[in-house]
Amino acid sequence: LLSWDVSYKTLGRQVFGSIALFAVLLANPRRAPLPRLVSWRRILMLGFMGVTLGSLLTSIGVQYSSGLSSAIISTTNPVTAALTAAVLYREPLGRAIVLGTILSVAGGLVSVLGGEAVGRAHFQGGEILIILANVTWTWMSMAAQRWLSGYSQLEITTYTIAAGTFWLLLFLPFVAVSGIVRLHVD
């Protein structure tokens, strides 16, 4: 995997994840039938925004940041998620969320930094993409609960990951031709 470019790594994760999720879903005797046509429009939108865009932004963000700074930025995901929920869905920022966010970020920083000097983390620009990826993922997660009520969490996850994989497969030729990312598997 070290020789794969960011697009193939992202696509590979999603394809294998989709296969595994569908296998588990199909093995479940109480599964619901495939979603109605109306649901598929929503599922495709959720998959695009959360899975496709979120995965690509994360992968590119990690590629264009130092490992330490991307790990530090990732510890702020609870903050970004809480703020996204408050702004987009008017979710209140209760004391428990604020306290949990502080503890989560503090714990993440301790585990990431360990004994390393903070000076080794330097901003390279990809960190912003990681934050944007978390915003898209949070939006998708919250919208899925509203738009796909009646489906189990396994069904929601399976369908949105599969939809995101579909979009990634559609975008791969565009990425290859455009030169945005040099596609290669060495």
Original post:
Atom CD in Glu155, atom CD1 in Ile43: separation rounded to 0.5 Å?
Top reply: 9.5 Å
Subject >> Within one Ile-Leu-Val-Met-Phe-Trp-Tyr cluster: Val135 and Met45, side-chain cutoff 4.5 Å >> reply: no
Original post:
Which heavy-atom pair separates Tyr151 from Ser39 by the least distance, and what is that distance?
Top reply: OH-OG, 3.4 Å
Original post:
Mind checking whether Phe22 and Tyr159 have parallel, tilted or perpendicular rings, split at 30° and 60°?
Top reply: tilted
Original post:
Between Leu57 and Ala133, what is the shortest heavy-atom contact and its length?
Top reply: CB-CB, 3.7 Å
**OP:** Not counting sequence neighbours, which residues clear side-chain hydrogen bond (donor to acceptor under 3.5 Å, both in side chains) with Trp167? List them please.
**Re:** none
Original post:
Got a second to check how far Leu129's CG is from Thr58's OG1, nearest 0.5 Å?
Top reply: 9.0 Å
Original post:
What heavy-atom pair brings Thr165 and Ser18 nearest, and what distance separates the two atoms?
Top reply: OG1-OG, 3.0 Å
**OP:** Could you tell me which non-hydrogen atom of Arg13 sits nearest to which non-hydrogen atom of Ser55, and how far apart they are?
**Re:** NH2-O, 4.3 Å
Original post:
Can you find a heavy atom in the side chain of Thr84 that is under 4.5 Å from one in the side chain of Glu91?
Top reply: no
**OP:** Starting at CG of Leu168, measure out to CG of Leu56 and round the result to the nearest 0.5 Å.
**Re:** 5.0 Å
Original post:
Do Thr138 and Leu88 have side chains that get closer than 4.5 Å, going by heavy atoms?
Top reply: no
Original post:
In terms of heavy-atom contacts, does CZ of Arg146 have more than 12 from other residues, nucleotides or ligands at under 6.0 Å?
Top reply: yes
Original post:
Out of Phe171, Phe166, Trp139, which one pairs with Phe48 under the ring pair (Phe, Tyr, Trp, His ring centres under 6.0 Å) rule?
Top reply: Phe171
**OP:** Before giving the answer on side-chain contact (heavy atoms from CB on, under 4.5 Å), spell out for Thr52 and Leu170 the whole-Å C-alpha distance, their side-chain angles and the decisive distance to 0.1 Å.
**Re:** CA-CA 10 Å; Thr52 303; Leu170 284 181; over 6 Å; no
**OP:** Output the distance between atom CD1 (Ile156) and atom CE (Met140), rounded to the nearest 0.5 Å.
**Re:** 9.5 Å
**OP:** Rounded to the nearest 0.5 Å, what's the gap from CG on Leu44 to OG1 on Thr160? Could you check?
**Re:** 11.0 Å
Subject >> Rounded distance [0.5 Å steps], CD1 in Ile130 versus OG1 in Thr80 >> reply: 10.5 Å
